[in-house]
Amino acid sequence: MTAISAALPYIESVAKLALPVFKQRKSDKEAADTQQKQIEELQTAVTHNAEHVRALAQQLQTTVTALEQAGLQLAEAQHKQQRWAALALGLGAVALVLALAALLR
């Protein structure tokens, strides 16, 4: 009797933990079906995500290629501008020398 009276306070908490387990056994089939549906949904979502990632990777590759080509074109244009600037500087120096020569005569 003492053992039962000592265990009474804990019986309620044990019952609260144990009862859902027994109820769950009845719906194990439903839970398995639900889990299978969730797994199928997740697999479908993963497949769609993989397709989207592949499409984004292709777009990124196209973008990177276009940026590289634009960078090469810009570098070529910059070299042309530098050559024209150097030519203009040279012509300006020649004009300055001729102007100084004309002033000194």
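Every heavy atom of this structure was used, including side-chain atoms; hydrogens, water molecules and symmetry mates were not.
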**Asked** Linking Ile, Leu, Val, Met, Phe, Trp and Tyr by side-chain heavy atoms under 4.5 Å, what else ends up with Leu67?
**Response** none
**Complete:** Apart from Leu60 itself, its cluster of hydrophobic side chains linked below 4.5 Å comprises Val64
**Item:** Pairwise distance CG(Leu74) to CD(Gln81) - rounded to 0.5 angstrom
**Value:** 9.5 Å
**Request:** Hey, could you give me the CD/CD distance between Gln73 and Gln78, rounded to the nearest 0.5 Å?
**Result:** 14.0 Å
**Request:** Tell me, please, which residues at least two apart from Lys37 pass side-chain contact (heavy atoms from CB on, under 4.5 Å).
**Result:** none
**Asked** Using links of under 4.5 Å between side-chain heavy atoms of ILVMFWY residues, direct or through other members, which residues join Leu91 in one cluster?
**Response** Trp84, Leu87
**Complete:** Residue set satisfying side-chain contact (heavy atoms from CB on, under 4.5 Å) with Arg105, at least two apart, ordered chain then number -> none
**From Leu98 atom CG to Leu103 atom CG, the distance as rounded to the nearest 0.5 Å** = 11.0 Å
**Asked** Quick one: side-chain contact (heavy atoms from CB on, under 4.5 Å) partners of Gln59, sequence neighbours excluded?
**Response** Leu56
**Complete:** Here the gap from Arg54 atom CZ to His52 atom NE2, rounded to the nearest 0.5 Å, amounts to 10.5 Å
**Prompt:** Is atom CD of Gln69 surrounded by more than 12 heavy atoms (other residues, nucleotides or ligands) closer than 6.0 Å?
**Reply:** no
